[in-house]
There are 2 protein chains.
Amino acid sequence: MPTEQHCYQYPHPAVTTDVVIFTIRDDRLQLLLIRRGGEPFKGMWALPGGFLDIDEDLDQCAARELEEETGLTDVYLEQLYTFGRPQRDPRERVISIAYYALIPSQKMRLQAASDAAEAAWFPVSDLPPLAFDHQEIIRTAHHRLVAKLDYSTIAFQFLSESFTLGELQGIYETLADSELDKRNFRKWALALEQIEETGELRRQGNHRPARLYRLKDPTTVSYLK
Amino acid sequence: MPTEQHCYQYPHPAVTTDVVIFTIRDDRLQLLLIRRGGEPFKGMWALPGGFLDIDEDLDQCAARELEEETGLTDVYLEQLYTFGRPQRDPRERVISIAYYALIPSQKMRLQAASDAAEAAWFPVSDLPPLAFDHQEIIRTAHHRLVAKLDYSTIAFQFLSESFTLGELQGIYETLADSELDKRNFRKWALALEQIEETGELRRQGNHRPARLYRLKDPTTVSYLK
DNA sequence: TCAAAAGTGTTTGCTATACACCCATGA
DNA sequence: TCATGGGTGTATAGCAAACACTTTTGA
């Protein structure tokens, strides 16, 4: 069997997608990395990703990588940027179309669906050395995420099905790395008209139970004036 | 000489860049299209673009296309989005990394540097039928441009070296398709501290001459709070 | 003298911020 | 009863929007 059976008149680069999978855990923004089992960069940590199937849409490819590592399918996934520096992969020319995903911390245990490769969560502020140009990809994704906080409700995508206003505030405080005034935050969050009370309470800890809320439209990110 | 000499173990897509080149002319946002000389979509209008050289950076490829069509090198050029629907090109799988560029209307005549292919400016609001998925690319670029008006000084990239406040206001009015209050606009524009008077006046028409301004840093787009 | 665009401040309304105390619960 | 996070309103400041007349020029 020939090892090189797909031929073209002009040289073609390989195309991959890589996915920055963010979650919030332990009040820190974290992301999922895979330890590489083969060369190049063997043993180093890298973003989940892989080659584009020749008949596969770009979004599908990224969603497939995401599902392989987390088992999740219906989470926020957005194309980020395309990285294609000629020497970014020592083997051959590789163009990487980077995506980023936001997943609620609750769903994280589904990650057991991962294949044999070692996978782990790392705080964005404390990453190990990374393969390829993945540090640059992560920096770009982090910037995009923080920028979108100001003009969209993207952070709501970190919420599970029901949540308290305290949890929502915690997400914003973690992402912006700042403390927010409780009354002002609640006024703002409710004025968006994106969330509604479920009528349930969450009893947790030695204190007054918190009202639970849900997103009126869980899959929609809205943009602020 | 063999016609298919570049072979790979797995199929590889072709990779192109396409560039949406915007300018403002006759108080309308316009963009540059090329009439296709060959199949597919022969005779239809399309964005300037072409295949990525195997050792060429993505930005270089887009800049090269831009220069080939306009002769311009130092203009605003930003990666937009990557389009890769499997059947978007009937010949083979093609991934297009789309860019957009903004050029001052004054410099437009340099477009004579174009090759033999027919090129023309079209108002965004009145486009001909387009090849491939170029209509979608243009829609995406237009949305990005309009969105950036609200939180950056990207529109200043349409300005020539010296300009009047009236011209700047005209650019904003054209892009946002709305009329703006002259006093409020001037207050806002000057408060940005991105422009300064040249000391010159422009005499033009039967009316009071206008003060000329320049960008303090012509190549920098700044982001608003 | 007329037409046309340049140039110039103040008032008003709204949004964002600052700020402190009581409530309900489990230990 | 104590510790813990949940829940609530008002006053102030800063920014954005509305608004009209005088200036300078060329025809």
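Heavy atoms only: backbone and side chains are in, while hydrogens, waters and symmetry mates are out. Letters go in sequence order (proteins before strands), and every chain restarts at 1.
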Sorted by chain and residue number, the salt bridge (Lys or Arg N to Asp or Glu O under 4.0 Å) partners of A/Arg183 (sequence neighbours excluded) come out as none
What pair of heavy atoms forms the shortest contact from A/Gly43 to A/Arg35, and how long is it?
O-NH1, 2.9 Å
Does either side chain, that of B/Glu78 or that of B/Tyr100, offer a donor lying less than 3.5 Å from an acceptor on the other one?
yes
For A/Leu190 and D/dT8, give me the distance from atom CG to atom C1', rounded to whole Å.
12 Å
Distance check needed: C/dA5 P versus B/Glu173 CD, whole Å only.
12 Å
Measure the distance from CZ on B/Phe163 to P on C/dA6 and round it to the nearest whole Å.
14 Å
Salt bridge (Lys or Arg N to Asp or Glu O under 4.0 Å) with A/Arg203: which residues, sequence neighbours excluded?
none
Spatial distance of atom OG1 (B/Thr82) from atom CD1 (B/Ile95) [nearest 0.5 Å]
8.5 Å
With nearest nucleotides of DNA chain D determined for B/Gly205 and A/Leu165 from heavy-atom distances, which residue corresponds to the more 5′ nucleotide?
A/Leu165
Once you round it to whole Å, what is the distance between C1' of D/dG5 and CZ of A/Phe185?
15 Å
Among the nucleotides D/dT4, C/dA4, D/dT8, whichever has the atom closest to the side chain of A/Arg211 is D/dT8
Have a look at B/Arg203 and say if it touches a base, only the backbone sugar-phosphate, or nothing, with a 4.0 Å heavy-atom cut-off.
sugar-phosphate
Whichever of B/Leu212 and B/His207 has its nearest DNA chain C nucleotide further upstream toward 5'
B/His207
Taking the nucleotide of DNA chain D with the closest heavy atom to each, which residue, B/Leu201 or A/Arg208, is nearer the 5' end?
A/Arg208
Protein-proximity profile, nucleotides 10-21 of chain C, B/S/- by nucleotide at the 4.0 Å heavy-atom cutoff, equals B------BBBB-
Salt bridge or not between A/Glu56 and A/Arg64? Use side-chain N to carboxylate O under 4.0 Å.
yes
Rounded to whole Å, the CD-C1' distance (A/Gln204 to D/dT4) equals 12 Å
How many whole angstroms separate atom CZ of B/Arg186 from atom P of D/dA16?
18 Å
Rounded distance (Å) that lies between atom P of D/dG5 and atom CG of A/Leu168:
18 Å
Any side-chain donor paired with an acceptor under 3.5 Å for B/Asp150 and A/Tyr151?
no
In whole angstroms, the gap separating P of D/dC15 from CG of B/Leu224 amounts to 14 Å
